[in-house]
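Below, read A as the first sequence line, B as the second, and so on, with proteins coming before strands; counting in each chain starts at 1.
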Amino acid sequence: MLHLEAVTRQFGGLKALGNVNLDVAKGRIVGLIGPNGAGKTTLINCISGLDHPTSGVIQFEGTPIHNAEPHHITRLGIARTYQNIRLFGRMTALENLLIGQHTRGHGSLLGAVMFSRAFRAEEQGMRERARELLNRFGLLPVANTHAASLPYGDQRRLELARAIATQPKLLQLDEPTAGMNPVETHALGEAILTLRDEGLSILVVEHDMAFIHQVCDEIYVLNFGQIIAHGTPTEIKSDPAVIEAYLGSSDDGAA
Amino acid sequence: MDSFLQQVVNAVSLGAIYSLFALGYALVFSILGVLNLAHSAVFMTGAFVGLLLVDKLHQPLWIAAPLAMIAAGFVSILLEFVAFRPLRQRGAARMSQLISSIGAALLIVNLAQLAFKPLWGGTEAYFPQGLVPDQPIVIEALSLRIVPIRMIILVIALALVIALQYLVMRTRIGQQMRAVAFNQRTAALLGINVGRVYVLTFFLAGLLGGAAGLLYGLVFLNVTPFIGDDVALVGLTAIVLGGLGSINGALVGGFLVAAIQTFSIAIGGSNYKNAVVFGLLFVLLLARPQGLFGQSESTRA
Amino acid sequence: MDALTQALVDILRPLGITEPVLQFMLVNAILGISIYLTLYTGMFSLANAGFMAIGAYAGVAATQFLGMPLWLGLIIGMAVAGIISLPIGLPVLRLKDIYLAIATIGFGEVVIILLLNFDEIISSIATALQGERVRIRLLEGARGIKGIPKSTETWMLFAFLALLMFLLWRLHKSRLGRAMAAIREDERAAANMGINVVYVKNVVFVMSAVVAASAGVFSAHLTRIISPGAYGFDKAVDILSFAVLGGTSTWVGPIVGGLVMGALPEVLRFLNDLRGVFIGLILLGVILFLPGGLINPAGVRLLLRRARRALRRRADAAERSSHAAP
Amino acid sequence: MALLEVSDLWVSYGMIAALRSVSFKLEEGQVVTLIGANGAGKSTTLNTLSGLLRASAGSIRFNGVEMIGRRPDRIAAMGMVQVPEGRQVIANMSVAENLTAGAHVRRDGRTDEELAAIYARFPRLNERRTQKAGLLSGGEQQMLAVGRALMMQPTLLMMDEPSMGLAPLLVKDVFRIIAEIKERGISILLVEQNARQALAIADYAYVLERGKVVAEGTAAELSNNPAILAAYLG
Amino acid sequence: DEEEPQMGQWEACADPENLPEVVTIGAIFGQSGNISVYGIPQSQAVALAVNQINEAEYLGEGVTLEVIYEDSAGANEQAIAAMTKLVEEDGVVAVLGPTLSSEAFSADPIAQENGVPVMGVSNTAAGITDMGEFVFRDSLPEASVIPGTVAQATEIFGLEKVGVLYGNDDDFTISGYDVFVAALEENEVEILDEATFARGDVDFNAQLTQLLSLEPDALVVSALAAEATQIIVQARQLGFEGPIIGGNGFNSPAVLANAGEASNGVVVGAAWNIASPDPLSVLFAEEYEEEYGALPDQFTAQAYTGAWLMATAIRCADSTDSADVRDALAAITDFPSPLGVFSFDENRNPVHDPVAQIAKDGAFAVLSAETAGE
Ligand SMILES: Nc1ncnc2c1ncn2[C@@H]1O[C@H](COP(=O)(O)OP(=O)(O)OP(=O)(O)O)[C@@H](O)[C@H]1O
Ligand SMILES: Nc1ncnc2c1ncn2[C@@H]1O[C@H](COP(=O)(O)OP(=O)(O)OP(=O)(O)O)[C@@H](O)[C@H]1O
Ligand SMILES: [Mg+2]
Ligand SMILES: [Mg+2]
């Protein structure tokens, strides 16, 4: 459903992405790993419209999106989380989820002014859905807390919930487990697998190899902006190029 | 076209004054990330204290000038303590810091006005003539006329920029200023006394602003509590044009504004000289939002 | 309505607030709403004074030159400002923060220069067309348009303000209102939530311009004369101070800020020479000692929290001593 | 006398008490690690030690000197240097400038030698000497933050999740660097989510849970403690 | 009054008898902000006049004239508020001011509606007194001053082509400009080019270089004092030696004092000038300088005269009824004052002889072929 062809992103003299070809099929969890500075975040930025490739094609369900605006891409069904959390800090957890549903609503200002029935019904529906999501991620108790004052772990989960609130078909996660301990990481992995089972496709960037092995169906390895390997987790684990560039000698793997 | 050279001279000498004012503005902005709109009051302080010393206390200029600059420096430090530090410590929005500087400016200007009345019987006073060389030098061959004090200001402005640039980019204190500018907490962890850096920055900016105000007074003789307002907008435009927070940018911005004004007048558009300035500013900002010399924000998603 | 106004003025009179003062306070409150809209969306725009000028001139042109009634002038003033704000907003709103502030200040200055030279521009166009020198005097440049009837009534201002407040309240409950807040918090993240940031910003910019223009029309029909100089940088900063004094955490803040800033110079008249000093002190004092402005629920909560913390500290101490015991 | 002795430390954010009577010790030359879940209070502890946060009660003795109430820059100059959580490199300065920004607190004057050593250890930083730090990738920034702290000639290095966001290869590097720093006789207080690796390198460990120390012991002891294993090591 | 010049020796009406102990009038001047450069000297001049009036018991034995001063800060809104307060709350008999014409257009209608006489002492814009029969001014509009000056200068200097420089964002300077242009056309003087500046500008080199490159016979300038000084100095620095013809704004002692030698050849047409040989004018200048340590300018002299005129009207009306005072004010003719012999015309505008003068060796002299040295 997501198809990248010869995507290149140049920053001045630096080629952050060079001729990247990548596919995410429906209902798959695709991992994207690679050394720091390899271009993973840049790739995600390009897919979500915050950045645009210098050349190449990005298609989502057949529609080219490499020059599209971010809100347009979200409407098509791509959502993401960020490497550094970007919640709406001075809004409550619930409000964050209402904003997540922005594209799925139609209510106009006029409707709000007229107290129209459609408006009220839609608001009601959005709130219900927001509560469902909060409940699902164990955030119901903090529904009315400002996002900025939530503990780190809650913020991560809220960000995930907010992405899901946009009702995406493809979810992009940029280092979702950063700052989590192995136990918490494992729990997150379970949650992500459930999402996949509900039909979501997922592109996940991670450094935690245990997590990658836990969730990924296939993995792309990026190094200096180039895809150097693509395969199943087992294939990747023993790929000498990947070991050389990324994993290091396999004596103690990763935690 | 024989007035072209003269217009170039005009633009340069006007630009020197604009730049001098803009420098202090830029210095504070580069450290605080906040516009100190009270810098125009600091500017006025320089002119005011200089005039007081020369006109009422009969001091020679070489005593009055440094004292005026230092007085302006202290007013600037006071601004830091009263209008900025409390807000910063509270983590208040940049906008409220901007407004508190407006409040402080209002206060200083009004206090100056209170002082003017008994001193000079109104709100207007004048430097005596002939304190500085203001008789033009005539270069017949080029039919050029150059007023020496204007050239002195030009030299001072250039020298100050070089000194400041050196200070900020090459010295330890400059490095500390930039670290503080990035993030106070991080700077403190690097062993930098953040409070001292702020005070120093404001003092330096005050010295610059005071010098600018004094020179302005000496060139144009006329001093009122409101002279700062006349340059505030121009100074603002200059630093934005040059790139906020860039010292070189402030200098170039000042000259650029002067040049645009001068040449739009020269081609008969005196009505629209400021419209041209803002029009170009507009276009520039759209093409290069960080200004000519400004750095784009080096942070990433 | 008039009786109500009169009663209100009678109550305020001891403070030095007469009916004209009340009227300008209400105009300020409208301006407060205008700047609140942009600030709430995270846009540091200072174009309000310029749009106020556009509203005032367009409105006066309608009532004065075309003999229209005030309400029609109001609509025309607002419409003209709205139409002009669109092409301005599209490019300018790409800027952020202080850059946006400067660009919008620049816009204001250009508006003033164009108003100052409007007659000359029209004249030279006419001259070019006619082939002989034509002098047209319409807006009268710096002389200003004089003899505008004082047709704004206090009840109109109250009614209009009430209408705006109702709309604001509904705006906050709407999808658009939430999108505005999201953009303020994090523009890029908001875009990734499917919010059309450019669209929302422009809508808000137009709304803000239209509201500022309405204030311009009303005040022009109070001051009887309008000249470009009244809508400059100082005015822009004034309007900003309404928002800061009142606080922007709720929409009540800028309204109260506008009312207070309108009243202060008159209430403090008895201070004579010290008036300016005091206004400076008050502005500074509020910013320093009342974080979040005069109207700030969070500030009230903070005060409550401080009180509770004092209690809490006692509990802490108790807990500590019980720890130390074993 | 221990190099660092923290006793009965209380810190709160407004209403929330983040640390409740935290006590621990660190001997000269040791690596001590604090482990704990999100929000347990690890960063709060480090920030209090480095003077960024104010304790409401308790004492922090460093070399026998009370540190509470001192300004962060004084504390750093006295040799307690923190590598902050989330990199915090100075975005608008070049890599080289970032490295020297804190060097003025060095007392031995060997700035240049240290700089050369750091470039040798992180060739990536050497390549990017003149690049603005803000444009580095997350991992590159982390290297820079560690390098910058070393430039400050620390006696005690306090690291807040140095491996966060790093590729496995670099995580190994970071722990290797920590080991090397330890070799040089610099004491380290390490906060890590990566508990297994932290314990592998540490001499002694404390477990923090909701602002309290709930367990302590040598690294070996804790690695074999089944409760700890289940909760933090997965 | 031959030997001892003194104000208030106008014998047109008898000593008043029916005035209360305190007669209160209002004064609205811009006393803060930019405009205070004019507003403060104006209020000081009024205070000086009122002191003299009370000392001389001009309003009758034991009657004191009190003034409530209000600051307008140059803002129309504040002028309206101040006027409302004075007229509706304080119940003043009459009002002096406000400083700016635009403020007058905003605030004077309130006085008109309430039937309280108001006298502008620095409003020169066209149409001020058209606001109603209670609106007066003692400030000569530029139209009454400039044409004479231009005609005289044209003849003496043989002007054929001039450059015009004016402030285009201020109603005072732009009104002056309008009149200059009309007068120049009248005298068949060619305008080579025009250039403008804005209030607060200090550097006019660009405009001057532009105008001077066309080699005009004279520069015609409509500016306020602060800008006027700079323009004169900078024009001379650029080597211009011809006459510089200015309007009311040039008429500040500061211009002479600060332009120094550069002011030689500056021609001023004005309602009042510090060099006026009129004994009352000389006396006023001395008294003002003694009291406030600064020299008065034209606006100051007009404010001073305004206070005397208002007091005279109250005296002649022998009543604090505003309508009576208005009638008495309108009836004043041939009143000796620093402005010369002063009358109101039927439109309540001032009538007195303006003076055209030329600066020579640091002082003003009446403009003539000799003083101009042609
Ligand atoms: N705006 C920019 N300007 C210049 N260089 C950039 C910019 N954005 C990214 N880069 C460079 O592009 C490269 C790729 O960066 P990117 O953030 O995509 O890496 P990453 O794979 O996400 O790394 P990490 O795992 O550390 O987050 C880095 O070397 C970075 O310095
Ligand atoms: N600025 C703050 N304001 C209010 N509460 C805060 C603040 N910073 C931290 N807290 C709270 O204090 C507690 C301890 O936080 P701290 O950051 O020390 O945890 P941590 O152990 O470092 O967690 P992490 O692994 O997420 O970094 C948490 O409950 C957190 O929500
Ligand atoms: Mg990344
Ligand atoms: Mg932490």
Side-chain angles (χ1 to χ4, degrees), chain A residues 44-45 47-51 68-82 84-92 94-116 119-120 122-123 126 146-148 159 162-163 165-168 172, chain C residues 37 39-42 90 93-94 162-204 206-208 210-211 247-251 291-292 296-299 301-302 305:
Chain A
I44 289 202
N45 283 345
I47 298 170
S48 56
L50 290 183
D51 198 350
E69 295 291 311
H71 63 92
H72 192 68
I73 291 173
T74 310
R75 257 166 233 183
L76 289 177
I78 301 182
R80 69 171 290 183
T81 64
Y82 301 84
N84 306 313
I85 298 175
R86 300 183 82 152
L87 286 166
F88 304 117
R90 281 178 296 170
M91 303 171 84
T92 65
L94 185 81
E95 284 169 333
N96 268 277
L97 293 192
L98 290 178
I99 291 182
Q101 299 173 64
H102 184 88
T103 34
R104 307 299 160 206
H106 304 281
S108 67
L109 181 55
L110 193 68
V113 170
M114 311 289 283
F115 295 92
S116 75
F119 170 79
R120 277 176 300 164
E122 182 179 302
E123 279 294 302
M126 279 180 157
H146 276 194
E159 210 188 21
R162 188 182 64 176
T166 67
Q167 300 179 13
Q172 303 187 80
Chain C
L37 285 169
L39 287 178
Y40 183 74
T41 318
L90 274 171
L93 294 180
R94 288 168 43 201
L163 174 69
L164 286 181
M165 284 162 70
F166 170 75
L167 289 177
L168 265 184
W169 172 57
R170 293 316 297 164
L171 176 68
H172 280 291
K173 302 273 173 209
S174 75
R175 247 168 96 243
L176 179 61
R178 273 198 302 270
M180 288 161 63
I183 290 172
R184 175 196 64 210
E185 291 295 309
D186 187 332
E187 206 176 307
R188 285 166 71 104
N192 270 157
M193 289 297 107
I195 294 170
N196 186 342
V197 174
V198 175
Y199 171 79
V200 172
K201 280 181 155 187
N202 275 288
V203 166
V204 171
V206 171
M207 290 197 298
S208 167
V210 166
V211 173
T248 47
S249 47
T250 70
W251 50 270
N296 180 18
R301 257 180 266 137
L302 189 80
R305 207 178 305 156

Practice task
Please confirm whether Y199(C) and H71(A) have ring centers closer than 6.0 angstrom.
Solution key: no
Exercise for the section: Kindly indicate whether a cation-pi arrangement holds for R175(C) with F119(A), taking the cut-offs as under 6.0 Å to the six-membered ring centre and within 45° of the axis. Expected result: no
Completion exercise
Bottom line for Q101(A): the part with an atom under 4.5 Å from chain C's heavy atoms is neither
Exercise for the section: Pick one of side chain, backbone, both or neither for M114(A), based on which atoms fall under 4.5 Å of a heavy atom in chain C. Expected result: neither
Fill in the blank from the handout: Given G105(A), A163(A), S108(A), G100(A), the one with more heavy-atom pairs under 4.5 angstrom with chain C than any other is G105(A)
Exercise for the section: Among R162(A), E95(A), H72(A), E69(A), single out the residue with the greatest number of heavy-atom pairs under 4.5 Å to chain C. Expected result: R162(A)
Practice task
Would you mind checking which part of R104(A) comes under 4.5 Å of any heavy atom in chain C, side chain (CB onward), backbone (N, CA, C, O), both or neither?
Solution key: neither
Problem - F166(C) portion near chain A, given a 4.5 angstrom heavy-atom threshold - result: side chain
Problem - Charged N-O contact under 4.0 Å between K173(C) and E123(A) - result: no
Problem - Segment of H106(A) engaging chain C (4.5 angstrom heavy-atom cut-off) - result: backbone
Practice task
Could you tell me whether the side chain of N192(C) and the main chain of S48(A) form a donor-acceptor pair under 3.5 Å?
Solution key: yes
Problem - Lys/Arg cation over aromatic Y82(A): R188(C), 6.0 Å, 45° cone - result: no
Exercise for the section: Name the option with the most non-hydrogen atom pairs under 4.5 Å to chain A; the candidates are D186(C), L176(C), V197(C). Expected result: D186(C)
Completion exercise
dist T103(A):OG1 -> I73(A):CD1 (nearest 0.5 Å) comes out at 13.0 Å
